[in-house]
Amino acid sequence: VKIGIIGAGNMGGGLGTIWAGKGHRVMFAARDQQAAESLAKTVGPNAQSGTTVEAAAFGEAVLLAVPWASVPEAIADAGRLDGKILIDCSMPLTPDYMALVVGHTSSGAEEVQRLAPGARVVRAFNTVPAQVISTSPEFGSENATVFYCGDDSEAKSVVKGLIEDIGCDPIDAGPLQNARLVEPMTELLIQLAFVQGMGANVAYRLLRR
Ligand SMILES: NC(=O)c1ccc[n+]([C@@H]2O[C@H](COP(=O)([O-])OP(=O)(O)OC[C@H]3O[C@@H](n4cnc5c(N)ncnc54)[C@H](OP(=O)(O)O)[C@@H]3O)[C@@H](O)[C@H]2O)c1
């Protein structure tokens, strides 16, 4: 899959590095283009860098991995997203990460869908910390669950494969509206990690039988 990555920080950099290693082609974009370029050089031949509009045009799938305050600008800069699989891992958080700014009656992912009405938005990767992605998704014999939700089944099946590529267990959490339920799980994880003192190497695992 060709993947445009808007936001080349902890999440975008971590996911893009693994996807490139799995044979996908990635293009990193950030406002600091030199940082994106040096990341691409470090990642190797499957990675390149470009502007936000270039990364969006490049990707069959586009990962949105910028802080919440940057989401409107990043989507505007991305230009035409009609028909693109837009993977939203951004989280609608206050600047100190201690609370959600959207919930119950909407979600960050639904707000992203409103900003990019033609895109096939899939909410994913927000319940797994960047630290887990960059170290290992495996905890003993189990691996971390990644919930994903969206309204386009083809887009969801591509994202399911990209979740498997990072070694996580994909769980289809239903339509995009269920992002209202998944996003608070991220804030719980943040509270457990940084307020309750568990640290950032924590992840969810759904048990089934
Ligand atoms: N870190 C986690 O564990 C985690 C987990 C789940 C979800 N998330 C969510 O994922 C998103 C990214 O988090 P992160 O930890 O990766 O953040 P980060 O390390 O601060 O990286 C953010 C990236 O976005 C770029 N950026 C910011 N504004 C931009 C714009 N307008 N256009 C293009 N690029 C822009 C930044 O580079 P420039 O400043 O140079 O543009 C940087 O490369 C956030 O919404 C966060 O809530 C994070």
Side-chain angles (χ1 to χ4, degrees), residues 3-22 24 26-32 35-36 38-40 42-44 46-47 49 52 55 59 61-71 74 86-101 107-109 112 122-139 142-149 159-171 173 179 182-206:
I3 309 165
I5 299 185
I6 303 176
N10 294 314
M11 291 297 283
L15 289 166
T17 300
I18 298 173
W19 288 332
K22 290 278 177 184
H24 299 293
V26 304
M27 185 187 282
F28 294 110
R31 290 167 304 184
D32 180 346
S38 67
L39 173 64
T42 310
V43 171
N46 282 341
S49 66
T52 296
V62 178
L63 177 73
L64 183 63
V66 301
W68 184 246
S70 289
V71 163
L86 183 58
I87 308 168
D88 181 20
C89 85
S90 73
M91 271 297 299
L93 301 175
T94 54
D96 67 359
Y97 306 154
M98 289 296 119
L100 292 161
V101 296
S107 60
V112 164
V122 180
R123 148 63 73 214
F125 300 108
N126 59 293
T127 55
V128 58
Q131 194 166 324
V132 169
I133 293 168
S134 63
T135 48
S136 168
E138 283 162 21
F139 293 73
E142 310 228 84
N143 58 351
T145 293
V146 169
F147 298 97
Y148 64 104
C149 52
V159 174
K160 179 175 187 254
L162 294 176
I163 294 167
E164 287 166 344
D165 283 339
I166 65 158
C168 289
D169 182 30
I171 297 285
V182 176
E183 290 174 11
M185 295 178 74
T186 306
E187 184 53 37
L188 175 61
L189 213 55
I190 291 169
Q191 296 279 326
L192 293 175
F194 302 114
V195 181
Q196 301 304 315
M198 292 182 78
N201 241 315
V202 287
Y204 289 112
R205 171 79 203 173
L206 188 75

> Would you say the side chain of Val132 lies within less than 4.5 Å of the side chain of Phe139, judging by non-hydrogen atoms?
yes

> Take Met98 and Val195, measure what side-chain contact (heavy atoms from CB on, under 4.5 Å) needs, and give me the verdict at the end.
CA-CA 9 Å; Met98 289 296 119; Val195 181; 3.7 Å; yes

> If you take all heavy atoms of Ser90 and Val112, which pair is closest and at what distance?
OG-CG2, 4.5 Å

> I'd like to know whether Leu188 forms a side-chain contact (heavy atoms from CB on, under 4.5 Å) with Tyr204, so could you lay out the CA-CA distance, the side-chain angles of the two residues, the decisive distance to 0.1 Å, and finally the verdict.
CA-CA 11 Å; Leu188 175 61; Tyr204 289 112; 3.5 Å; yes

> Less than 4.5 Å apart, side chain to side chain, heavy atoms only: is that true for Ile133 and Met11?
yes

> Taking the side chain from Thr52 and the backbone from Ala74, do they hold a donor-acceptor pair closer than 3.5 Å?
no

> For a quick test of reading the model, state the closest non-hydrogen atom pair linking Glu183 to Pro92 and the distance between them.
OE1-CG, 3.3 Å

> Enter the distance from Thr186:OG1 to Gln191:CD here, rounded to the nearest 0.5 Å.
12.0 Å

> Can you find a heavy atom in the side chain of Leu100 that is under 4.5 Å from one in the side chain of Met91?
yes

> Would you indicate whether the side-chain heavy atoms of Leu93 and Ile190 approach each other to under 4.5 Å?
yes

> Start with the C-alpha distance between Leu39 and Ser49, add both sets of side-chain angles, then the distance that settles side-chain contact (heavy atoms from CB on, under 4.5 Å), and finish with yes or no.
CA-CA 8 Å; Leu39 173 64; Ser49 66; over 6 Å; no

> So for atom CE, which belongs to Met198, do other residues, nucleotides or ligands contribute more than 12 heavy atoms lying within a distance under 6.0 Å?
no

> Is there side-chain contact between Asp169 and Arg205, with at least one heavy-atom pair below 4.5 Å?
yes

> With a 4.5 Å heavy-atom cut-off, do Val182 and Thr127 have their side chains touching?
yes

> Would you find more than 12 non-hydrogen atoms of other residues, nucleotides or ligands less than 6.0 Å from Tyr97 atom OH?
no

> When rounded to the nearest 0.5 angstrom, what is the spacing between OH in Tyr148 and CG in Asn126?
14.0 Å

> CG of Leu63 to CG of Leu15: how many Å apart, nearest 0.5 Å?
6.0 Å

> Work out which heavy atom in Cys89 is nearest to a heavy atom in Phe125; give both atom names and the distance.
CB-CB, 3.9 Å

> Return the minimal non-hydrogen interatomic distance between Asn46 and Ala20, and the atom names on each side.
ND2-O, 2.9 Å

> Start with the C-alpha distance between Val66 and Ile6, add both sets of side-chain angles, then the distance that settles side-chain contact (heavy atoms from CB on, under 4.5 Å), and finish with yes or no.
CA-CA 7 Å; Val66 301; Ile6 303 176; 4.1 Å; yes

> Between Ile166 and Trp19, is there a side-chain heavy-atom distance shorter than 4.5 Å?
yes

> I'd like to know if the side chain of Arg31 reaches the main chain of Gly7, judged simply by a donor and an acceptor atom lying under 3.5 Å from each other, with no hydrogens or angles considered.
no

> State the CG-OG distance between Asp88 and Ser107, to the nearest 0.5 angstrom.
8.5 Å

> On a heavy-atom basis, which atom in Gly12 and which in Ala65 lie closest, and how many Å separate them?
N-CB, 3.9 Å

> Heavy-atom distance under 4.5 Å between the side chains of Leu162 and Ile3, does that happen here?
yes

> If you take all heavy atoms of Ile5 and Ala55, which pair is closest and at what distance?
N-CB, 4.2 Å

> Could you state the interatomic distance from OG1 (Thr145) to CG (Leu206), rounded to the nearest 0.5 Å?
5.5 Å

